[in-house]
Amino acid sequence: MNGSLLIYAPVPVFRSDGDLFFENQAMVGLRRWADNFDHISVMMPVRDEATPEGWSKPDESNPLPENMSLELLPTAYRPDHFLRSYSATRRRIEDLIDRNDYLSFSIGGLFGDWGAVGGFAAKAKNRPFAVWADRVESEVTRRNRNEGTFKRRLQARLYHKPMLMLERAVIRRADLGLFHGRETYEAYAPYSGNPHIVPDILLEKSDHIPADMLASNVQNCASGPLKIVFAGRADPMKGPLDWVAVLEKLDTMGVDFTATWLGNGERCDDMQRRSTQAELADRVELPGFVTDRQYVLKVLRDAHSHMFCHKTPESPRNLIEALIS
């Protein structure tokens, strides 16, 4: 498509010693956007702190698009940070709106949700815009109201209703609703005048399982233990302890299996502890976060079953990753 696109992507950029680090999957998504427009302007929040696993500095093997300009916005999820930075940041967003042909804003959150700010700014300028969502953030927050520390539980109880009101307000004003996943679509479509389900899986063609490997898996699937896998964060919303509970049930049924959970998270220690208590430690592998993308694909391709336990309405990309593997 000809023309320029302005998007807000809430995935943070980490800045360390003057270098910028991007989430690896986010870079794939940015390249797909850039393939379809003459130029893209990308707004992303920046964080000056240690770079987490899964973020890397762009290089020749994983580059940023040449037709992309980056606009770093403050990370302002605390109310005081948001209020201090609001006026200056809104003026920057308004200027970018004026300089681009098409507008699309990801939403999710409350304070520091620059996508929502962009939507209101576009509406004030009578500019059409799209709103993008890949999970029902207010519902995720509501379900966390009984999880974690007292501060986290209190914040979830205070925030989830205003978040829901903000989501609906922005979606009602948008000219186009882009919702990834059926659950996200069903939650938000009633408030959109033009809603669509949009798959955004962030995969390359090379990620698909080769035909000869697939044929071999089909031929050999009836021999040896059942190989179970999951790829994702070990967070409460992903149901990691439910996952282990199913393995315990399989063990009592006498099923021969091995299981691997690829990913870090706050429930990793609990998963390890429960697996050990159930005498499953020799059959359950918890390697944590794995940076080697080819290794992740190999584990997915070698498995017989991707066991999925998500507990909140969202767009689980790992289901599609499993299908192509």
Side-chain angles (χ1 to χ4, degrees), residues 11-12 14 21 23-26 28 49-56 134-135 140 143-144 146-149 152-153 201-203 207 209 213 217 220-221 223-325:
V11 182
F14 286 83
F21 295 81
E23 187 191 35
N24 295 330
Q25 279 198 323
V28 177
E49 55 188 81
T51 305
E53 295 173 309
W55 270 253
S56 60
D134 66 357
R135 70 178 187 179
V140 172
R143 297 191 189 191
N144 283 336
N146 297 318
E147 293 280 353
T149 64
R152 180 174 176 177
R153 297 195 306 271
I201 311 301
L202 305 181
L203 297 171
D207 292 334
I209 186 171
M213 186 179 295
N217 286 356
N220 299 323
C221 66
S223 60
L226 174 66
K227 298 177 183 178
I228 300 168
V229 71
F230 178 85
R233 298 189 314 277
D235 289 348
M237 62 181 285
K238 310 292 186 183
L241 297 183
D242 301 83
W243 192 82
V244 178
V246 173
L247 300 180
E248 293 172 351
K249 181 66 174 178
L250 292 178
D251 183 52
T252 62
M253 295 169 61
V255 176
D256 185 18
F257 70 88
T258 62
T260 302
W261 182 296
L262 299 168
N264 263 339
E266 61 185 83
R267 285 290 187 264
C268 276
D269 290 343
D270 294 333
M271 294 176 71
Q272 187 67 66
R273 189 179 304 111
R274 183 159 175 174
S275 298
T276 301
Q277 291 172 349
E279 299 183 350
L280 296 176
D282 60 333
R283 302 163 70 183
V284 178
E285 186 176 1
L286 304 171
F289 183 81
V290 179
T291 58
D292 186 343
R293 175 69 175 163
Q294 294 307 310
Y295 176 77
V296 173
L297 289 174
K298 180 181 184 304
V299 175
L300 288 173
R301 291 166 178 173
D302 287 345
H304 300 122
S305 174
H306 179 272
M307 188 161 71
F308 178 79
C309 294
H310 284 210
K311 304 173 77 170
T312 54
E314 57 171 320
S315 53
R317 294 179 175 89
N318 55 22
L319 289 182
I320 309 301
E321 291 173 341
L323 286 171
I324 70 160
S325 298

*asked:* With a 4.5 Å cut-off on side-chain heavy atoms, are T260 and P287 touching?
replied: yes
*Of the non-hydrogen atoms in A234 and G263, which two are nearest, and what is the gap between them?*
CB-O, 4.5 Å
*Does W55 reach the main-chain N or O of P12 with its side chain, forming a donor-acceptor pair under 3.5 Å?*
yes
*Using modelled atom types only, decide if a donor and an acceptor are shared between the side chain of R274 and the backbone of V244 within a distance under 3.5 Å.*
no
*Please report the closest heavy-atom contact between D251 and F257, naming both atoms and the distance.*
N-CE2, 4.0 Å
_Atom CD of E279 with >12 non-hydrogen neighbours under 6.0 angstrom_ = no
_Close side-chain approach of L241 and M271, heavy atoms under 4.5 Å_ = yes
*For side-chain contact (heavy atoms from CB on, under 4.5 Å), just list the numbers for E321 and V296, CA-CA rounded to whole Å, side-chain angles, deciding distance to a tenth of an Å, and then say yes or no.*
CA-CA 10 Å; E321 291 173 341; V296 173; 5.9 Å; no
*Considering all heavy atoms of both residues, which atom of V284 and which atom of S275 are nearest to each other, and what is their separation?*
CG1-OG, 3.8 Å
_Gap between atom CG of N318 and atom NE2 of H310 - 0.5 Å precision_ = 4.5 Å
*Which heavy atom in T51 sits nearest to a heavy atom in F14, and how many Å separate them?*
OG1-CB, 4.0 Å
*Any chance you could measure I228, atom CD1, to T258, atom OG1, to the nearest 0.5 Å?*
7.5 Å
*With no hydrogens and no angle check, is any side-chain donor or acceptor of H304 less than 3.5 Å from a backbone partner on K227?*
yes
*How many angstroms lie between CE in M253 and CD in E248, if you round to the nearest 0.5 Å?*
14.0 Å
*Over all atoms of both residues, closest heavy-atom pair of G239 and K311*: CA-CD, 3.7 Å
*Grab the two heavy atoms, one from R301 and one from I209, that are nearest each other, plus how far apart they are.*
NE-CA, 3.8 Å
*When you look at L247 and M307, which way does the side-chain contact (heavy atoms from CB on, under 4.5 Å) test go after all the steps?*
CA-CA 10 Å; L247 300 180; M307 188 161 71; 3.8 Å; yes
*Aromatic rings F230 and W261: how do their planes relate, parallel, tilted or perpendicular, breaks at 30° and 60°?*
tilted
_Return the CD to CG distance between E285 and L280, rounded to the nearest 0.5 Å._
14.0 Å
*Rounded to the nearest 0.5 Å, what's the gap from CZ on R233 to CG on L262? Could you check?*
14.5 Å
*Give the intermediate values and the outcome of salt bridge (charged side-chain N to carboxylate O under 4.0 Å, His left out) for residues D302 and K298.*
CA-CA 6 Å; D302 287 345; K298 180 181 184 304; 2.7 Å; yes
*Does the side chain of V28 come within less than 4.5 Å of Q25's, by heavy atoms?*
no
*asked:* For D235 and K238: C-alpha separation, side-chain torsions, deciding distance, then whether salt bridge (charged side-chain N to carboxylate O under 4.0 Å, His left out) applies.
replied: CA-CA 5 Å; D235 289 348; K238 310 292 186 183; over 6 Å; no
